[in-house]
Amino acid sequence: MIRSLLRRFLYALLLLWIVSIISFWLSKQVPGDAVMDYISIDDRSYHTSVTPVENRKAYKRVAHQRGLDIPEFYFSISTRMISDSIQQILPVDDRNIVKEWIYETKQGKKSYELYRQLISGLNESCEQQNATSADARLCLFYSQSLSIADVRIIHEHAKSLINILLTDTSIQQKSLDRLRLISNTFDDLINGSNKFSGIQWFPDLRWNGSQNQYHQWMTGLFLQRPLTSLVDGRNAWSKIYSALKWTLLLNGFAFLLSIILGIFIGIWSGTHDGQRGERFLNWILFALFALPSFWLGTLFIYFLTSGEWLSILPAGGLGSHQVAGSAVERGMILFSHLLLPVLCLALGSLAYVSRQVKQSILHEFDQPYVGTLRAQGISEKTIVRRHVIRNALFPVITMIGGAIPALLSGSLVIEVIFSIPGMGRLMYNSLLSRDWPVAFPILMLCAVITIFSYILTDIIYKWVDPRVKVMQS
Amino acid sequence: MIRDRIIIFTCSLYFIIGLFTSCKNTSETTTDFSVNIRLPSEPENLHPMLSKSSYGTQITGLIMLPAAEFDPVSLQLSPLLITEIPKGEDVKEGKHAGGKMFKMEFRPEAVWDNGTPVTGEDYLFTLRAVFNPYVNTPTWKSSLSFLNEITIQESNPKFVTVYIDSSYILSLEALTNWNIYPAYLYDEGNVMSQFSLDQLRDPNTKWTPEQDSLLKSFAESFQSLKFLREVSGGSGPYQLETWTTGEFINLKRKDNWWGDKLENPPLLLQAYPQALTYHIITDATTAEAALKSGRIDIMGEIPPSSYIKMKNDPEWQEKFKFESPALLQIYYLELNNRDSILADRNIRQALAYSLDYDGIMNNVIMGLGQRTIGPFHPSRRYYHKGLQPIKQDINRSLQLIKEAGWTDSNGNGTPDKTINGKLEELRLSLKVTGKEEGQLVANIIRENAKKAGFDVVIEVLDPSQFNQDMRQFNFDMMPLRPRPNPSMDDPYQNWHSNSDQAGGGNRSGFHNAEADEVILNIRTATTNAERDSSYYDLQEILYEEQPAIFLYVPMERIVVSKKFDIISSSRKPGYFENLFRLAG
């Protein structure tokens, strides 16, 4: 038994590790640039009013704050012509442009050199306190060059700019020298592109050590380091805790209601199988099961809260429970606000639970021991209460085990419709805003709970029913 | 028997629920009332410098005032913390010779929450905080970078003089239209006063380790959770009372609001509701139910179809008022003029003539909008009324395509042309996000452009990918809806060829020497007449060139309880909660 448990535990850890890698990898496949989204989201003036130098500074600051300026994993693979230095180039838009230059010219080192020269020119010409007309031209040239993938076009621009600046009296000699140097680099790049050897396409594996994004994230998770939400600066664990309590309350009540009612209905249906009342109830339960919970929620809101038909319950949210005078009043407010979402969740699963219990009851009725008990003259009521129900409830253990993860992960749609700040909504918002310090702990928490709840279910099952033997393989 | 039980159960349930929900005291007097407002999403913080959400701006505008703000009705700058809008004076001598000087006086009545006066020191503190190298405010840094020097009168720190070395069309806005932070609250240790603005603004300043550590520690504190969500103090009429994450934000009117002492306070210094509660209700249907049941009093951003339905419903009409001010927002179709097909003016014009504008207006925004001819809002003084919005004319569109040399040579139903030695089909991609409005517009565009021969391919993208493609100019067409400021338009960022650069605002890649000259004239004109003339010229050029197709200006859709009288405005969110008054 202990060996079996230990083996399961180790498998669980392995599975969690795989889940963590897959989810991390998926998060990196999300299109777009997370840093740029964070800087400029909803900020209409950002792209039009920020200087290219300030833009890059802000980008690097944010990338550093979010831990996005280090390699993604313990190792990285790329072609030989793209060296490690590519990871150090930020913003990602710049990195992509340099990659384009490298693919076009097949010259990694020279492309990096060109990039450094352009950036240093950009910093010098765009950061002038008293910019001259030549500085303005240079700033524009450097800025435009960093968005052009074709080096030949930039080279042409550089050459024509040199000619223009030669007649500009406000130009400083060192700026002109830098531009000439850049022009030479272009010559080298374009001429050198013919000296390409196929070996440069060979994959190159590089070890990044523990200074990588995955490592930082995992250690942060295990060591319970204060993870800070990138959206509002709050502690991620405290956000999760405050969302978790509402989800537990909401789903916990819904779960209890569906299990308790489901068991009673299932037993009643099992013992009254085929009767008119049972068939009618069955029909209603399936109708409820077939109704999507979001639609049921919308109907409830429309007919019971808006005054369209009745206005006896609040339309959503959790009310002013925080300013309630007493615990009873607080409980009342929460009850009135949670009643509809709880019903929405519970009614949907009621049919499933009752059906399972009913089938189990019918199965038990077919067992030989029931016939033996009847032959002994034991009353039908006693057979049902003392024997059939006991045995029929084993599947409920599996259902409870399977429902625990759902208890924690929340139900997004219901939380959105009823404005309940639970885990589902938190997860959804965190994913939309790429708030990984919040999204990953939730994901891993759900993964841990899911995996261990199944292990726990197995253990309980074996403990409750000695017929279930430990698998020895 | 069963029926009796059901009746008893139902009655008990009603009783219990009635008991539970009747705890709230709803009595309000004419002077003591509160307003409940729906927010579709939660602001990430209440720190104006760091907030990126428009809902955050909506709330912080009531807590932390700027020196001047755009009046909700006139849309002109109105002095809030200062006595009057400063006038620029030419500087004849000294280090700012050739520049401008603006003298401002902070209102004698203006005080912070602790009763201390709002002075030039707070103005300077805010600027120092902005330019702290560790404070992450790129937009503020850029827009305030041309304020060259601030001097505060020693004998009366309420008097401030701001020097700028170069003339700028939006200088008044940049001088006055940003939230001023109280130094006593956000910098208890008086750290930032140890640094001069010049030092902070100079990117080449070398900091000593001690200075660097001080700057870092200030930035950490300034950007900490405390100031992001827990404390938000200022000179405005309201203060933050509670913020329950995911549920609501409560603001309370200050007991001794200094604005009450003014004789004729500007609209934004008036405050009537005693409390404002922002309810975070993400789902539109739930918000509608909450509005109907009286849990919230006002709701904006209602989908056009729902708004029309509500407006025509007698039951809604009985309890609610409907407001639809024209928003300061322009919906247009950005065209990438760098693209080999769209580089041809005839093709851009042909596309413009192929669109069913009436279909877009009637089916997408249900008529709740106004057609527009260019990048300037129709409410602007300099909007060119002489230019008529383009109407659908498929024949003209076909003619223009033919004139541009496009014919269906391979008989596949789509015109084609050899460009740079390559046979190109008249095929354009239209990138949109998952938003309903964009997708509806895209479908109408595709169907109508097809009639003229265009093969429009719609690509639905994740918002982040959409933004990246827009930034990298990787698109043929994409619908955009920028929100211009109430101030005058500076077309340089969007339409001058110099702005066609990485991160620049000229996304269409529009290059036109005549337009460049006109844009510079707008920036440097000394009189309104001269400037307006250039604005007209620019609109004519853009109308002719069609570097983008301008569609419409949408109207906001606001439903508010008849309990209140409100002032609607073109400024987001279309109403001003401090100006709510009980009706009658």
Side-chain angles (χ1 to χ4, degrees), chain A residues 30-34 36-37 39-52 54-55 57-58 61-62 93 127 129 140 143-144 146-147 231-234 239 242-243 298 301-302 305-308 311-318 320 322 329 332-333 335-336 416-419 421 425, chain B residues 14 17-21 23-24 44-45 52-54 134 136 138-139 141-143 145 202-204 223-225 228-229 242 244-248 279-283 285-286 288-290 292-293 295 461-465 467-468 471-473 482-483 493-494 498-505:
Chain A
V30 177
D33 183 350
M36 199 48 103
D37 282 348
I39 295 174
S40 58
I41 197 163
D42 274 359
D43 191 341
R44 63 186 184 278
S45 58
Y46 182 78
H47 289 294
T48 53
S49 62
V50 177
T51 66
E54 188 50 53
N55 180 11
K57 278 186 191 168
R61 271 196 299 267
V62 172
D93 288 356
E127 286 278 79
Q129 288 274 354
L140 184 64
S143 178
Q144 284 180 335
L146 288 164
S147 64
V231 171
D232 56 19
R234 290 175 66 209
K239 280 182 93 164
S242 56
T298 310
I301 285 175
Y302 195 68
T305 72
S306 69
E308 193 67 34
S311 181
I312 53 167
L313 285 165
L318 294 165
S320 49
Q322 288 206 325
E329 193 188 337
M332 287 172 171
I333 293 170
F335 176 83
S336 64
V416 168
I417 290 177
F418 288 98
S419 294
R425 217 170 84 174
Chain B
Y14 272 54
I17 293 165
L19 197 70
F20 291 171
T21 50
C23 298
K24 193 181 159 194
E44 75 277 34
N45 61 54
K52 290 180 278 293
S53 139
S54 57
Y134 296 104
N136 213 15
T139 318
K141 277 187 171 80
S142 280
S143 59
S145 60
D202 185 354
N204 303 314
Q223 298 174 112
S224 68
L225 187 60
L228 287 172
R229 296 174 72 90
T242 48
T244 307
T245 305
E247 295 179 51
F248 50 80
H279 298 263
I280 297 136
I281 307 175
T282 43
D283 185 67
T285 312
T286 312
E288 270 180 40
K292 201 166 184 188
S293 66
R295 187 177 152 229
L461 304 177
D462 171 83
S464 181
Q465 181 70 56
N467 289 338
Q468 180 167 304
R471 224 170 38 239
Q472 296 177 345
F473 313 134
R483 291 204 308 267
Q493 305 293 356
N494 289 334
N498 278 1
S499 299
D500 179 16
Q501 53 176 298

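Here is how names work: the chains are called A, B, and so on, in the same order as the sequence lines, proteins then strands, and each is numbered from 1.
- Heavy-atom minimum distance, B:G246 versus A:P421: CA-CB, 3.8 Å.
- Comparing A:V231, A:T298, A:I417 by how many heavy-atom pairs each has under 4.5 Å with chain B, the most go to A:I417.
- Ranking B:N45, B:L225, B:L228, B:T242 against chain A, the residue ahead of the rest is B:L225, based on heavy-atom pairs under 4.5 Å.
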Notebook entry, point to check: Run the side-chain hydrogen bond (donor to acceptor under 3.5 Å, both in side chains) check on A:R234 and B:T245 step by step: do they pass?
Noted result: CA-CA 11 Å; A:R234 290 175 66 209; B:T245 305; 3.2 Å; yes
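- With a 4.5 angstrom heavy-atom cutoff, B:I280 touches chain A via backbone and side-chain atoms both.
- Note: B:E44 leads B:H279, B:Q223, B:E44, B:E288 in heavy-atom pairs under 4.5 Å with chain A.
- Not counting sequence neighbours, the partners of B:N498 by the side chain to side chain contact (heavy atoms under 4.5 Å, CB included) test are A:L140, B:Y492, B:H496.
- Note that the CD1 atom of A:I301 and the OG atom of A:S419 stand 7.5 Å from one another [nearest 0.5 Å].
- Annotation: the span from A:D33 atom CG to B:Q465 atom CD amounts to 10.5 Å, rounded to 0.5 Å.
- Residue contact with chain B, scored on non-hydrogen atoms closer than 4.5 Å, involves the side chain of A:K57 exclusively.
- Residue contact with chain B, scored on non-hydrogen atoms closer than 4.5 Å, is absent for A:S242.
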